[in-house]
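Reading through the structure tokens given below for one structure.
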Amino acid sequence: MSRIIIIGGGMAGLTAGIFAQKFGFQSEIYEAHKIVGGECTGWTREGFHIDNCIHWMTGTRKNTDLYKMWHETDALTDDTEIIMSDAFYTSYVGGKKLSMYYDTEKTRRELIEAFPEDKKAINAFIKAVRISEKLKMPVDMPMDLLPKFKMLILALSMLKGLRLMKKYGAMTIREFIQNFHSPMLKTFLTDYLPGAYSAFALIASYATFTGDNGGIPKGGSLKLVHRMAKKYQSLGGVIHTSAPVASINIRNGHADSITLSDGKEVSGDYIVPTCDPSITFSKLMDRKYMPKELAERYQSMLVNAQFQVAFGVDDPCDFLELSQYFDCEPMTIAHTEITRIGVRNYNYDPSFAPEGKAVLQTSVWQEDKDYEFWENLYLNDRERYHSEKNRIAQEMLRRILRQYPQLTGKIRIIDSCTPYTYHRFVGAYKGGYMNFIYSPEVVTAPSLTGLIDGVDNVYLGTQWLQMPGGLPCAASCGKFAIQRIKAAGAGR
Ligand SMILES: Cc1cc2nc3c(=O)[nH]c(=O)nc-3n(C[C@H](O)[C@H](O)[C@H](O)COP(=O)(O)OP(=O)(O)OC[C@H]3O[C@@H](n4cnc5c(N)ncnc54)[C@H](O)[C@@H]3O)c2cc1C
């Protein structure tokens, strides 16, 4: 039986492991951290659970290929309750409350009522959302392994959606909002994603929600990966945690083993690195092996990360929406100035807080220069790193209280994370929470195979191969690596 060594136990690694076992390989996962899950995680502070990943999960609609994959891996089971809210997000702007409702007709109607001068642009936006609801993510097998007729059927079924992707993918959100006259509407449309993202990202994200395909699995991110780990182990897979891999040992174009950081050498027939490629091609293998296209993306594309603050609240927060944005006194986080804050309310899942209480979170987009700010502080002035993190969290709290004075005396900071936190815990490149910023240049970037020139048995299985990253890309890239090994003729 061929033996596969999987490096990293995040979404990609767990999915790779489950499919390796299903296909008759013997596999082992080596995870650096003390728990599996990688970025798909959560933790508890002062009795409050901070669910730190799933805001929405593409593939919760049952008749999709993606749902099938989630079901095959136990990420979603028949018993998993899917939570859907009324609105994707809500913005308070210029005294108005505007929402991206689940019901697109309600969104259309309310927006036209509020901004009749923008009727044409609103109608075009909603039409684009409705068409995008039909877009499918190909997760059955890698596109280059797909039989030609299947590829054709897939392309035909998504023709309208693909045309739309070309049109809106080519413009940034900042450019897209120029179609609207109302400054309030412009603010509303830029609350959810940064202006540098492609307009298609906004349309497709909202469409995933309105298409009933972007719900939230009850129990949260950590429970989801625990189900997957259990499934993997039930199929005979072995997980080693607190087991950082130090190198992949290549001799004559063949990787015959890995060495763990404690010096132990483990041999395998195939190696599937699912950790961040910035680690694979610096610590584990020579940089020269990095696929050229991937190296170019790391050179030319930007990464998005977040600064986050979590709050524990002695109130059920029923007066808050799931996700809301409002004006705030300007403040600077590293190099980024904000004038609006987003607050997410986690009271939809009672298991996250004691009865009658709730968790709230704020997060602010951070770019490369912000990451460098946090990295520099952490490495050179640890005390200031912590005091700055704390100062910003306090400033956020002050702004939340200005908006919601009824929370006075009931809300406290329970944790905060910088982009560097993600780098420290899972090795995320520049603290990236998915992969590269989904800008117009990125929308059309093709998925990469993960094959490595000059090494015949290392198959990358990471979210960084497929835009825009996120759980579905991580899972499918992990699965695809195993399918490629199988297609190459290996097996029992
Ligand atoms: C705040 C936040 C919110 C998010 N929200 C969503 C969302 O709503 N929907 C969505 O789809 N996605 C979301 N994501 C993105 C999603 O979490 C990631 O895309 C996904 O978890 C990435 O999985 P991965 O396995 O590719 O990588 P990772 O999760 O980074 O896993 C890689 C693993 O490799 C391990 N590793 C690193 N180096 C080594 C080594 N040397 N040896 C062994 N192991 C190693 C790491 O510890 C890690 O566990 C969010 C992410 C964040 C941070």
Side-chain angles (χ1 to χ4, degrees), residues 5-17 28-42 50-60 66 70 75 88 137 205 208-209 214-217 220-222 224-225 228-229 239-248 258-261 266 271-285 304-308 310 323 344 361-366 417 419 421-429 431-435 450 460-479 481:
I5 293 174
I6 297 164
I7 304 174
M11 175 54 72
L14 289 168
T15 312
E28 294 191 28
I29 293 176
Y30 289 86
E31 164 55 49
H33 201 31
K34 59 181 187 240
I35 53 167
V36 290
E39 287 190 338
C40 187
T41 195
I50 301 169
D51 185 28
N52 209 57
C53 178
I54 302 174
H55 295 77
W56 46 284
M57 183 165 170
T58 309
T60 52
L66 194 46
W70 294 138
F88 192 46
M137 189 177 164
S205 306
T208 307
F209 175 73
I216 307 169
S221 314
L222 196 60
L224 183 142
V225 288
M228 294 179 75
I239 297 176
H240 305 268
T241 49
S242 303
V245 177
S247 68
I248 297 173
I258 57 163
T259 303
L260 301 177
S261 64
V266 184
I271 318 283
V272 177
T274 70
C275 54
D276 199 294
S278 65
I279 299 174
T280 306
F281 298 104
S282 62
K283 293 190 179 144
L284 311 187
M285 297 170 76
N304 247 164
Q306 302 193 354
F307 181 95
Q308 295 161 260
S323 181
R344 192 170 166 86
Q361 277 209 53
T362 56
S363 51
V364 176
W365 296 103
Q366 297 275 270
C417 310
T421 311
Y422 290 103
H423 180 73
R424 284 200 304 129
F425 281 92
V426 295
Y429 176 66
Y433 87 109
M434 297 218 319
N435 61 35
L460 299 179
T462 157
Q463 65 163 342
W464 293 81
L465 298 175
Q466 193 174 307
M467 306 299 182
L471 296 172
C473 291
S476 55
C477 289
K479 174 183 167 183

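Computation of the quantities below employed the complete heavy-atom set of this structure, encompassing side-chain atoms and omitting hydrogens, waters and symmetry-equivalent molecules. Remember, it's 1-based here, ligands and their atoms both numbered in the order they're listed.
- Looking only at distances, no side-chain donor or acceptor of Trp70 sits under 3.5 Å from a matching main-chain atom of Pro472.
- Of the N or O atoms in Ile54, none lie within a sub-3.5 Å distance of an N or O in ligand 1.
- Within the 3.5 Å criterion, the main-chain N or O of Phe307 finds no donor-acceptor partner in the side chain of Ser363.
- Protein heavy atom nearest atom 36 (N) of ligand 1, with residue, atom name and distance: Cys275 CB, 3.7 Å.
- Residue, atom and distance of the protein heavy atom nearest to atom 39 (C) of ligand 1 are Ala32 CB, 3.9 Å.
- Asn52 and Thr41 are not linked by any side-chain donor-acceptor pair at a separation below 3.5 angstrom, with hydrogens and angles left out of the test.
- Residue contacts with ligand 1: Gln306 is placed with no nitrogen or oxygen under 3.5 Å of a nitrogen or oxygen of the ligand (distance criterion only).
- Here CG of Asp276 is found 10.0 Å from NZ of Lys283. Values are rounded to the nearest 0.5 Å.
- The two residues Gly10 and Glu31 come nearest to each other via the heavy atoms N-OE1, 4.1 Å.
- Residues Thr15 and Met228 are in side-chain contact: their nearest non-hydrogen atoms beyond the backbone lie under 4.5 Å apart.
- Protein heavy atom nearest atom 18 (C) of ligand 1, with residue, atom name and distance: Glu39 OE1, 3.6 Å.
- Applying the 4.0 Å criterion to heavy atoms of Pro472 picks out, from ligand 1, the atoms 11 (O).
- Atom CE of Met57 is separated from atom CG of Leu66 by 7.0 Å, given to the nearest 0.5 angstrom.
- Look at Ile279 and you'll find a heavy atom under 4.0 Å from some atom of ligand 1.
- Looking only at protein heavy atoms, the nearest one to atom 42 (N) of ligand 1 is Val245 N, 2.9 Å.
- If you number the atoms of ligand 1 from 1 as listed, the ones under 4.0 Å from a heavy atom of Pro244 come out as 42 (N).
- Contact check for Thr58 versus Leu471: no side-chain heavy atoms found under the 4.5 Å cut-off.
- Among all protein heavy atoms, the one lying closest to atom 51 (C) of ligand 1 is Tyr433 O, 3.4 Å.
- In this structure, Cys53 has a heavy atom closer than 4.0 Å to ligand 1.
- Among Glu31, Lys283, Met11, the residue whose heavy atom lies nearest to atom 33 (C) of ligand 1 is Glu31.
- Within ligand 1, counting atoms from 1 as listed, the ones closer than 4.0 Å to a heavy atom of Tyr422 are 1 (C), 53 (C).
- The closest protein non-hydrogen atom to atom 11 (O) of ligand 1 is Leu471 N, 2.9 Å.
- Not a single heavy atom of Gly478 sits under 4.0 Å from any atom of ligand 1.
- Using modelled atom types, one side-chain atom of Thr274 and one backbone atom of Gly8 make a donor-acceptor pair closer than 3.5 Å.
- An N or O contact shorter than 3.5 Å is missing between Thr274 and ligand 1 by distance.
- In terms of polar-atom proximity, defined here as any N/O pair under 3.5 Å, Ala12 does make such a contact with ligand 1.
- Using a 4.0 Å cut-off to heavy atoms of Gly8, the atoms of ligand 1 that qualify are 33 (C), 34 (O), 35 (C), 44 (N).
- With ligand atoms numbered from 1 in the order given, ligand 1 contributes 7 (C), 8 (O), 9 (N) to contacts under 4.0 Å with heavy atoms of Trp56.
- A distance of 8.5 Å separates SG in Cys53 from CG in Leu224, rounded to the nearest 0.5 Å.
- Applying the 4.0 Å criterion to heavy atoms of Ile7 picks out, from ligand 1, the atoms 42 (N), 43 (C).
- Residue, atom and distance of the protein heavy atom nearest to atom 8 (O) of ligand 1 are His55 N, 2.7 Å.
- The shortest heavy-atom distance from Ala428 to ligand 1 is not under 4.0 Å.
- Distance check: Phe209 CZ to His55 NE2 gives 14.0 Å after rounding to the nearest 0.5 Å.
- Between Ile248 atom CD1 and Ile271 atom CD1 the span is 6.0 Å, to the nearest 0.5 Å.
- Distance CE/Met11 to CD/Gln463: 10.5 Å, rounded to 0.5 Å.
- Annotation for Asn435 and Met467: closest pair OD1-SD, 3.6 Å, computed over non-hydrogen atoms.
- Close approach to Asn52 involves these atoms of ligand 1, each under 4.0 Å from a residue heavy atom: 1 (C), 2 (C), 3 (C), 52 (C).
- Residue contact check for ligand 1: Asp276 places no non-hydrogen atom closer than 4.0 Å to it.
- Aromatic ring orientation, His240 versus Tyr30: parallel (interplanar angle below 30°, classes split at 30° and 60°).
- In terms of protein heavy-atom proximity, atom 22 (C) of ligand 1 is closest to Gln463 NE2, 3.5 Å.
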